[in-house]
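Have a look at the structure below, then the notes.
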Protein chains: 2
Amino acid sequence: MSSERPFADALNRLRGVELRPTRQRLALCKMLFEHGDRHLTAEVLHAEAQGAGIKVSLATVYNTLHQFTDAGLLREVIVDGGKTYFDTNTADHHHFYLEDECRLQDICGDAVAISGLPTAPDGTEVASVDVIVRVRKAQ
Amino acid sequence: MSSERPFADALNRLRGVELRPTRQRLALCKMLFEHGDRHLTAEVLHAEAQGAGIKVSLATVYNTLHQFTDAGLLREVIVDGGKTYFDTNTADHHHFYLEDECRLQDICGDAVAISGLPTAPDGTEVASVDVIVRVRKAQ
DNA sequence: GTGTTTGCAAAGTGTTTGCAATTTA
DNA sequence: TAAATTGCAAACACTTTGCAAACAC
């Protein structure tokens with residue numbers, strides 16, 4: 001969620017993770033976090049930036065999304081080969097994947113419990129548990 | 001699991017789903033189902049076939065894997081952008097994903113229970129519920 | 001000024017496709 | 001022989017990379 005000072009918010013967010021607030025990063029940060037939780041691909045964010053008259057190259061969008069992910073501002077979600085979604089919600093939660101629309105929808109993590117999982121294979125530890133509920137148009 | 005007549009098994013399997021038992025399909029079917037549950041990419045299966053002296057093109061491996069998947073002999077697993085794994089276990093189950101090795105390991109579905117999932121979004125129905133436990137080398 | 005970031009275009013990866021030649025029934 | 005299948009090479013979608021020019025501090 002964002003306050004009513006999107007530029008100041010974006011600036012603070014970047015400062016918080018020690019990324020230089022360049023024009024491109026500020027603009028992308030603003031678009032990403034201004035309107036609640038979002039699930040975007042690099043291409044979609046790039047198109048959105050173009051549409052808003054912001055000059056950013058696709059390569060920079062990719063770089064920025066990965067920097068934000070490394071900094072913990074975003075989370076990557078893999079549901080569909082050959083496409084990467086970036087989720088602005090970094091809290092513990094799961095996803096519906098609407099196959100017909102190639103769209104993600106959050107499932108709040110608090111309500112969901114998974115029981116009966118075996119312990120991680122020898123020598124490994126759990127990094128994350130992802131639940132993806134694939135749904136499609138009811139027949 | 002397979003009997004001790006891998007060629008006969010492969011033949012029966014193909015007949016069961018009404019796919020012509022061509023030399024390539026027979027060979028791939030045999031490799032896939034002869035040795036218990038496997039998680040393979042097209043490239044790996046292709047390399048394995050080459051190694052065994054079987055002449056198959058990569059394109060045919062892709063086609064065949066998709067035909068087998070459509071026929072219900074295989075299941076696709078997506079865990080890693082830009083790579084598709086095919087799982088010879090079509091029973092309801094989940095996966096560990098060993099990130100360091102890019103390798104999948106089955107989690108039997110019987111033991112695992114997921115509670116608290118909300119109902120599918122309006123107008124949709126659940127196609128599948130995939131749980132992926134990402135693990136990495138314990139530090 | 002110095003080091004960081006950007007944009008472009010090229011390269012990379014995994015996958016799909018069109019079509020002539022081959023194989024299966 | 002008719003229809004299905006194969007293999008090749010080209011095309012494809014998405015992503016990453018190298019490097020010179022532009023920018024932030």
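Just so you know, these numbers come straight off a predicted model, no measurement behind them. Only this structure's heavy atoms are used, side chains among them; waters, hydrogens and symmetry mates stay out. Proteins get letters first, then strands, A, B, ... in listed order; numbering begins at 1 in each.
Rounded to whole angstrom, the span from the CG atom of B/L65 across to the C1' atom of C/dT16 amounts to 13 Å. Counting to the nearest Å, the C1' atom of D/dG18 and the CG atom of A/N63 are 12 Å from each other. Between the P atom of C/dT5 and the NZ atom of A/K55 lies a distance of 19 Å, rounded to the nearest Å. Per the geometry, CD belonging to B/Q50 stands 10 Å off P belonging to D/dG7, to the nearest Å. Rounded to whole Å, atom P of D/dT5 lies 19 Å from atom CG of B/L58. Spacing between atom CG of A/L26 and atom C1' of D/dA24 amounts to 12 Å, rounded to whole angstrom units. Distance, A/L19 CG to D/dC25 C1': 15 Å, rounded to whole Å. Distance CD (B/E18) to P (D/dA3): 18 Å, rounded to an integer number of Å.
Residue A/T60 has its side chain nearest to C/dG7 when only C/dG14, D/dA4, C/dG7 are considered. Residue B/E43 has its side chain nearest to C/dG14 when only C/dT6, D/dC14, C/dG14 are considered.
Along DNA chain C, the nucleotide nearest B/P21 and the nucleotide nearest B/A59 are compared for position; the residue whose nucleotide lies closer to the 5' end is B/A59. Between B/T41 and B/Q24, the residue whose closest nucleotide on DNA chain C is further toward the 5' end is B/T41.
The phosphate of D/dT6 (OP1 or OP2) has a side-chain N or O of B/T22 nearer than 4.0 angstrom. Proximity of B/Y62 to the phosphate of C/dT15: a side-chain N or O atom is located under 4.0 Å from OP1 or OP2. Residue B/S57 places at least one side-chain N or O closer than 4.0 Å to OP1 or OP2 of D/dG7. Dashed line: the shortest gap from a side-chain N or O of A/R25 to OP1 or OP2 of C/dT5 is under 4.0 Å. The side chain of A/H66 contributes no N or O atom lying less than 4.0 Å from OP1 or OP2 of D/dT15.
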Checklist line | Trace of the side chain to side chain contact (heavy atoms under 4.5 Å, CB included) decision for B/Q24 with B/S57 | finding: CA-CA 9 Å; B/Q24 290 86 337; B/S57 74; over 6 Å; no

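Between A/F86 and A/H66, the ring centre distance stays below 6.0 Å.
The pairing partner recorded for C/dT16 is D/dA10, the criterion being a Watson-Crick or G-U wobble arrangement whose two distances lie under 3.5 angstrom. Pair assignment for D/dC25 gives C/dG1, based on Watson-Crick or G-U wobble hydrogen-bonding distances that are each under 3.5 Å.
Taking the ring axis of A/Y97 as reference, the NZ or CZ atom of A/R103 does not stay both within 45° of it and closer than 6.0 Å to the ring centre.
B/T84 comes within 4.0 angstrom of sugar-phosphate atoms only, judged by non-hydrogen atoms across all strands, and of no base. Nucleic acid contact class of A/H46 (heavy atoms, under 4.0 Å, all strands): none.
Ion pairing of A/R38 with A/E48 is present here, as a side-chain N (NZ or NE/NH1/NH2) and a carboxylate O approach within less than 4.0 Å.
In the model, A/D110 has no side-chain atom that pairs as donor or acceptor with a side-chain atom of A/H93 under 3.5 Å. Using modelled atom types and a 3.5 Å distance limit, the side chains of A/H95 and A/D106 yield a donor-acceptor pair.
For B/R20 against D/dT5, a side-chain-to-base donor-acceptor contact under 3.5 Å is absent.
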